[in-house]
Amino acid sequence: MTPRFEPVIIGFLCNWCSYTGADLAGVARLQYPPNLRPIRVMCSGMVHPDLVMEAFVQGADGVMVMGCHPGECHYLEGNTKALARAQVISIILKETGIDPCRFELKWISSAEASVFARLITDFTTRIQKLGPHRVEA
């Protein structure tokens with residue numbers, strides 16, 4: 001029997017909203033796959049495309065950036081910057097031969113624990129269907 005593929009997913013979570021939502025999901029004991037490796041960042045707008053690409057180079061199968069809902073950013077316009085960077089990241093992924101479906105930007109508030117759990121579950125399922133990301137040497 002072939003073991004089920006368990007992807008490594010790197011998540012850059014904004015300190016003020018999505019990281020707190022993830023924490024609430026844990027406190028509430030919500031069930032979601034353990035594949036996410038969360039990295040707390042002060043703002044989703046601070047996640048440079050180079051960080052996302054480095055995650056793939058280091059062997060991540062998928063990368064998520066999660067931030068505050070538009071209009072609710074602690075730094076006012078950080079999530080607007082994150083959206084612009086996500087568009088750049090999608091272009092870079094296509095140009096380097098990485099399926100853009102392996103990257104996702106989502107908005108999560110600190111009170112949306114169930115949304116957080118559902119997004120992680122859905123993204124993990126998507127990456128499992130895509131299979132392992134092969135790093136080109």
Side-chain angles (χ1 to χ4, degrees):
M1 183 173 161
T2 305
R4 183 176 177 185
F5 165 59
E6 291 298 337
V8 172
I9 298 171
I10 302 299
F12 294 99
L13 283 62
C14 126
N15 180 63
W16 305 102
C17 288
S18 56
Y19 192 86
T20 309
D23 189 46
L24 182 58
V27 170
R29 298 184 186 272
L30 298 178
Q31 297 295 308
Y32 58 91
N35 303 76
L36 181 73
R37 307 304 191 270
I39 298 172
R40 185 187 332 197
V41 295
M42 292 311 291
C43 179
S44 59
M46 298 303 293
V47 180
H48 194 277
D50 289 347
L51 288 173
V52 173
M53 296 312 295
E54 184 63 20
F56 283 115
V57 167
Q58 295 296 322
D61 298 301
V63 178
M64 296 183 84
V65 175
M66 297 177 153
C68 304
H69 287 279
E72 297 179 11
C73 178
H74 187 79
Y75 299 103
L76 304 178
E77 296 180 6
N79 43 23
T80 304
K81 188 174 186 178
L83 183 58
R85 285 184 165 182
Q87 293 167 345
V88 170
I89 290 166
S90 292
I91 293 167
I92 294 170
L93 291 173
K94 288 177 190 172
E95 288 179 356
T96 57
I98 299 172
D99 188 338
C101 291
R102 293 184 179 278
F103 171 76
E104 193 163 78
L105 170 66
K106 290 293 181 181
W107 313 126
I108 307 282
S109 80
S110 59
E112 293 180 313
S114 61
V115 174
F116 175 84
R118 180 180 47 78
L119 288 173
I120 299 304
T121 300
D122 293 349
F123 191 68
T124 301
T125 300
R126 179 192 318 158
I127 300 302
Q128 285 173 327
K129 288 178 183 174
L130 289 172
H133 165 64
R134 307 247 189 265
V135 178
E136 303 296 322

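What's counted below: heavy atoms across the whole structure, side chains too, no hydrogens, waters or symmetry copies. The first residue of the sequence shown is numbered 1, and numbering continues consecutively from there.
In the displayed structure, Glu54 atom CD is contacted under 6.0 Å by more than 12 heavy atoms of other residues, nucleotides or ligands. Atom CZ of Phe123 sits in a crowded spot, with more than 12 heavy atoms from other residues, nucleotides or ligands closer than 6.0 Å.
For the pair Cys101 and Leu130, the tightest heavy-atom approach, listed with the atom from each and the gap, is CB-CD1, 4.1 Å. Taking all atoms of both residues into account, the shortest heavy-atom contact from Ala117 to Gln31 is CB-O, 4.2 Å. Closest approach of Ala25 and Phe116 over heavy atoms only: CB-CD2, 4.0 Å.
Ser18 contributes a side-chain N or O that, together with a main-chain N or O of Met66, makes up a donor-acceptor pair within less than 3.5 Å. Proximity of a side-chain donor or acceptor of Arg40 to a complementary backbone N or O of Pro38 within less than 3.5 Å is not detected. Formation of a donor-acceptor pair under 3.5 Å by the Arg85 side chain with backbone atoms of Pro49 is not found in this model. No donor-acceptor pair closer than 3.5 Å links the side chain of Asn79 to the backbone N or O of Gly67. Glu112 places a side-chain N or O within donor-acceptor distance of the main-chain N or O of Ser109, the cut-off being under 3.5 Å.
Thr121 OG1 to Leu30 CG: the interatomic distance, rounded to the nearest 0.5 Å, is 9.5 Å. We find the CD1-CD1 distance between Ile120 and Ile9 to be 7.0 Å, quoted to the nearest 0.5 Å. Annotation: the span from Leu36 atom CG to Met64 atom CE amounts to 7.5 Å, rounded to 0.5 Å.
Note on Leu24 and Leu119: separate hydrophobic clusters, where clusters join Ile, Leu, Val, Met, Phe, Trp and Tyr whose side-chain heavy atoms are under 4.5 Å apart, directly or indirectly.
No side-chain heavy atom of Thr80 sits under 4.5 Å from any side-chain heavy atom of Pro70. Counting only heavy atoms from C-beta outward, the side chains of Cys14 and Cys68 approach each other to under 4.5 Å. The shortest distance between side-chain heavy atoms of Asn15 and Cys43 does not fall below 4.5 Å.
Between His74 and Trp16, the two ring planes are parallel [angle under 30°; tilted spans 30° to 60°].
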Item to check | Verdict with reasoning, Asp61 to Phe5, per side-chain contact (heavy atoms from CB on, under 4.5 Å) | outcome: CA-CA 11 Å; Asp61 298 301; Phe5 165 59; 3.6 Å; yes
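Applying the under-4.5 Å side-chain rule to Ile, Leu, Val, Met, Phe, Trp and Tyr, the cluster around Phe12 extends to Val8, Ile10, Ile39, Val41, Val47, Leu51, Val52, Met53, Phe56, Val63, Val65, Leu83, Val88, Ile89, Ile92, Leu93, Ile98, Phe103, Leu105, Trp107.
For Arg118, the salt bridge (charged side-chain N to carboxylate O under 4.0 Å, His left out) partners at least two apart in sequence or on another chain are Asp122. Remark: Glu104 engages Arg126 in a salt bridge (charged side-chain N to carboxylate O under 4.0 Å, His left out) (not counting sequence neighbours).
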